[in-house]
Amino acid sequence: MRILYFAWLRERIGTGEEEVAVPAEVNTVGTLVAWMRGRGPAYHAAFAVGNTVRCAVNQEFADPDAVVRDGDEVAFFPPVTGG
Amino acid sequence: MRILYFAWLRERIGTGEEEVAVPAEVNTVGTLVAWMRGRGPAYHAAFAVGNTVRCAVNQEFADPDAVVRDGDEVAFFPPVTGG
Amino acid sequence: MASIRVQTADFDVSAELAALGAGRQDIGGYGIFVGTVRGNAHGHAISAMTLEHYPAMTERAMARIAAEAERRWDLLGCTLIHRVGVLLPGENIVLVLAASAHRQAALDAAAFLIDWLKTAAPFWKKERFASGEDNWVDAREADDAAAARWGALTAS
Amino acid sequence: MASIRVQTADFDVSAELAALGAGRQDIGGYGIFVGTVRGNAHGHAISAMTLEHYPAMTERAMARIAAEAERRWDLLGCTLIHRVGVLLPGENIVLVLAASAHRQAALDAAAFLIDWLKTAAPFWKKERFASGEDNWVDAREADDAAAARWGALTAS
């Protein structure tokens with residue numbers, strides 16, 4: 001699964017992009033976020049419960065219950081601030 | 001009193017501007033319009049009761065009961081259509 | 001503060017933006033409306049549009065409309081340009097430009113300015129149809145309604 | 001029909017108007033919004049603003065917003081340009097341009113487009129203060145409210 005990070009998430013995690021192999025029980029955005037928290041201090045801080053983190057699966061905005069599968073591109077980022 | 005005409009009023013009356021001496025009882029926009037109607041066929045047609053004619057006295061939009069005085073600039077025109 | 005012009009020449013929107021924003025860092029957005037001559041009316045082709053106005057009154061009326069916009073919104077600048085004379089289909093007629101720190105004020109002010117320019121500034125349009133006939137454009141009730149939704153002009 | 005671009009270079013509003021209107025006689029008005037970098041935030045001077053985006057998603061999100069505007073209003077053209085990279089105070093960030101036969105559609109569509117660009121397109125702003133500190137701009141609840149007043153996006 002390809003994971004992308006933008007804005008302060010990218011800075012806090014220290015990379016904009018990585019390939020991850022997730023366990024079988026990680027099959028939604030919500031379970032992916034919970035799994036991310038356990039990957040180390042930087043991930044724990046970035047995905048802390050109080051942070052507002054948005055997600056897109058295959059370039060579409062996605063809710064916590066959206067399905068994620070091997071081969072998907074999953075992006076995490078703060079609420080958008082363009083315009 | 002200086003009278004100006006714009007748009008189709010100017011065309012129908014045949015001039016854009018004239019000086020007129022009005023009788024003493026012509027002292028409002030409404031009485032001026034009524035007096036205008038009696039000045040000949042072109043005026044009668046231009047100021048016919050069914051026509052929507054707007055007025056400005058000294059470059060300010062004016063209602064029929066607005067006062068007009070010797071020395072004023074009074075303009076007649078159809079509803080504006082700029083923009 | 002508003003820049004108000006009545007002219008036969010065309011205007012350049014980029015140049016007007018640059019003039020209004022020159023040296024400023026407080027503007028967050030510009031709301032703009034550009035009105036152009038359409039090539040047909042009531043299904044008939046138009047060959048030209050002639051804009052007439054009442055010079056002694058026009059700039060005063062436009063200044064009043066701009067002052068009212070500046071009273072209602074926190075504007076950092078405002079440009080109104082209205083062309084007169086003979087204009088061809090596709091050509092620019094009017095430019096309304098409102099600058100503000102915030103986009104909503106800029107957009108609302110631009111909408112207000114064009115609604116009121118259409119109903120409270122002494123301009124008249126005459127269409128020349130491809131057939132050669134001329135027609136003075138009738139005022140539209142929809143324009144009065146659009147202006148009325150902003151309430152009365154209070155500037156004096 | 002919409003023209004959508006994400007670019008580091010500046011844009012020229014007059015050139016975009018000319019490109020959209022070239023050879024057309026059906027357009028009666030253009031509603032336009034130009035967003036610019038303000039020189040301060042929360043009372044502190046800003047030396048630069050950096051715009052980051054999610055390239056694979058951005059143009060798709062912008063195209064969806066434009067398609068929704070074209071569904072809601074009778075538009076004759078629509079241009080969306082968003083800059084990315086490092087921008088200085090006073091510089092342009094975003095251009096929204098909506099053309100229609102009628103001014104109200106053009107103005108409403110422009111307001112809709114900028115409201116939704118701010119809340120549904122994957123761009124992020126980082127302010128650099130004169131002090132040297134960096135700050136990722138927080139999303140504003142007011143922006144969500146502004147977008148929400150148009151109802152949900154229905155385009156898919």
Side-chain angles (χ1 to χ4, degrees), chain A residues 1-20 22 28-30 32-33 36 41-83, chain D residues 6 33-37 41 49-65 80-84 87 92-96 110-127 134-144 146-147 152-153 155-156:
Chain A
M1 194 177 288
R2 191 177 181 218
I3 312 286
L4 306 181
Y5 307 99
F6 293 96
W8 61 256
L9 275 107
R10 176 178 51 71
E11 291 182 340
R12 197 163 297 181
I13 288 169
T15 184
E17 180 176 341
E18 59 181 335
E19 276 295 322
V20 299
V22 299
T28 64
V29 169
L32 178 60
V33 166
M36 283 281 180
Y43 293 94
H44 194 83
F47 289 96
V49 174
N51 290 346
T52 304
V53 174
R54 302 274 189 248
C55 183
V57 177
N58 297 326
Q59 300 95 42
E60 301 282 351
F61 288 108
D63 291 327
D65 57 359
V67 170
V68 295
R69 288 188 191 84
D70 210 32
D72 282 349
E73 177 175 293
V74 180
F76 292 106
F77 43 77
V80 303
T81 57
Chain D
V6 178
F33 178 77
V34 176
T36 49
V37 180
M49 180 82 89
T50 302
L51 267 291
E52 176 175 330
H53 76 126
Y54 178 4
M57 183 174 171
T58 313
E59 300 208 12
R60 183 189 298 203
M62 292 170 76
R64 177 170 302 182
I65 294 164
L80 303 179
I81 303 176
H82 205 301
R83 295 180 70 190
V84 292
L87 304 177
N92 292 327
I93 303 174
V94 63
L95 170 67
V96 157
F112 169 89
L113 287 163
I114 186 62
D115 281 350
W116 276 98
L117 265 182
K118 282 191 170 272
T119 53
F123 292 93
W124 299 275
K125 286 196 189 91
K126 182 161 72 172
E127 304 159 328
D134 284 337
N135 177 56
W136 288 98
V137 174
D138 279 331
R140 294 173 63 235
E141 285 181 21
D143 287 335
D144 288 335
L153 283 187
S156 61

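All figures in this text were calculated on a predicted structure; none of them were measured in a lab. Just so we're on the same page: letters track the sequence lines, and every chain starts at 1.
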Counting heavy-atom pairs under 4.5 angstrom with chain A, the leader among D:K125, D:H53, D:H82, D:R83 is D:K125

In terms of heavy-atom pairs under 4.5 Å with chain D, which of A:E60, A:Q59, A:E11 leads?
A:Q59

Minimum heavy-atom separation for A:F61 to D:A120, with atom names?
CE1-O, 3.3 Å

Residues D:A56 and A:E73: closest non-hydrogen pair is CB-OE2, 4.2 Å

Which residues in residues 75-83 of chain A have any heavy atom closer than 4.5 Å to a heavy atom of chain D?
A:A75, A:F77, A:P78, A:P79, A:V80, A:T81, A:G82, A:G83

Below 4.5 Å, heavy atoms only, C-beta onward: do A:W8 and D:K126 meet side chain to side chain?
no

Locate the shortest heavy-atom distance separating A:A56 from D:Y54; write the atom from each residue and the value.
CB-CE2, 4.3 Å

Heavy atoms only, distances under 4.5 angstrom: which of D:L117, D:V137, D:D143, D:D138 has the most pairs with chain A? Name it, please.
D:V137

Taking atom CG of A:D65 as the centre, does the number of heavy atoms from other residues, nucleotides or ligands within less than 6.0 Å exceed 12?
yes

D:E141 atom CD: more than 12 heavy-atom contacts under 6.0 Å:
no

Hey, could you give me each pair passing side-chain hydrogen bond (donor to acceptor under 3.5 Å, both in side chains) that has a residue in residues 48-57 of chain A? Not counting sequence neighbours.
none

